[in-house]
**Q** 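Pasting a structure below so you can have a look.
Values below: all heavy atoms of this structure, side chains included; hydrogens, waters and symmetry mates excluded. Computed from a predicted model, the values in this text were never measured in an experiment.
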Amino acid sequence: MEALVAQGEISSKILRLRGQQVMLDRDLAELYEVDIRRLNEQVKRNSDRFPDDFMFQLADDELKHWKSQFATSNKEIMGMRKAPYAFTEEG
């Protein structure tokens, strides 16, 4: 990362799900300047390093609620083929 990220920019990407503050995989990938596919590949390859209190995948109802916050909810337009992962504060 070449430039510092403004705290407000990070704060705007923090969501509250399941009573925890989380960031979605797409926002973390952007923050760390990596491709979202690579981030998710590493999660899958190292699943034993990611316990439930570290991260979880959004359930269908959580995904619907999250998508409803956008004017466009088409999965293809949003670049999603499956529910994103949410990383907790511990993550």
**Q** Could you measure the distance from the CE atom of M55 to the CE atom of M23? Nearest 0.5 Å is fine.
**A**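 Rounded to the nearest 0.5 Å, the CE-CE separation comes out at 14.5 Å.
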**Q** How about F87 and V43: do any of their side-chain heavy atoms sit closer than 4.5 Å?
**A**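 A side-chain contact exists here, since the closest heavy-atom pair is under 4.5 Å.
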**Q** Check the pair L58 / L24 against side-chain contact (heavy atoms from CB on, under 4.5 Å), numbers first and verdict last.
**A** CA-CA 9 Å; L58 270 65; L24 297 181; 3.7 Å; yes
**Q** State which residues pass side chain to side chain contact (heavy atoms under 4.5 Å, CB included) with N40; sequence neighbours excluded, sorted by chain then number.
**A**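 Residues passing side chain to side chain contact (heavy atoms under 4.5 Å, CB included) with N40: D25, I36, Y85.
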**Q** side-chain contact (heavy atoms from CB on, under 4.5 Å) for Q20 and F56? Distances and angles first, verdict last.
**A** CA-CA 11 Å; Q20 300 182 65; F56 56 88; 4.2 Å; yes
**Q** Applying side chain to side chain donor-acceptor pair (under 3.5 Å), name anything that partners N46, two or more places apart in sequence or on another chain.
**A**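 Side chain to side chain donor-acceptor pair (under 3.5 Å) check on N46 returns Q42.
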**Q** Which residues pass the side chain to side chain contact (heavy atoms under 4.5 Å, CB included) test with D35, sequence neighbours left out?
**A**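 So D35 forms a side chain to side chain contact (heavy atoms under 4.5 Å, CB included) with R37, R38.
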**Q** With a 3.5 Å distance limit and no angle check, can you tell me whether Q21 reaches the backbone of E89 through a side-chain donor-acceptor pair?
**A**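 No, the answer is negative, given that no donor and acceptor are paired below the 3.5 Å cut-off.
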**Q** Judged by atom type as modelled, is there a donor-acceptor pair below 3.5 Å linking the side chain of T88 to the main-chain atoms of V22?
**A**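 Such a contact is absent between T88 side chain and V22 backbone.
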**Q** Taking atom OG of S47 and atom CZ of R49, what is their separation to the nearest 0.5 Å?
**A**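 S47 OG to R49 CZ: 10.5 Å, rounded to 0.5 Å.
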**Q** Working to the nearest 0.5 Å, report the span between CG of L39 and CZ of R26.
**A**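 Separation between the atoms: 12.5 Å.
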**Q** Step by step, would you call E62 with R18 a side-chain contact (heavy atoms from CB on, under 4.5 Å)?
**A** CA-CA 9 Å; E62 292 168 329; R18 300 183 190 178; 2.8 Å; yes
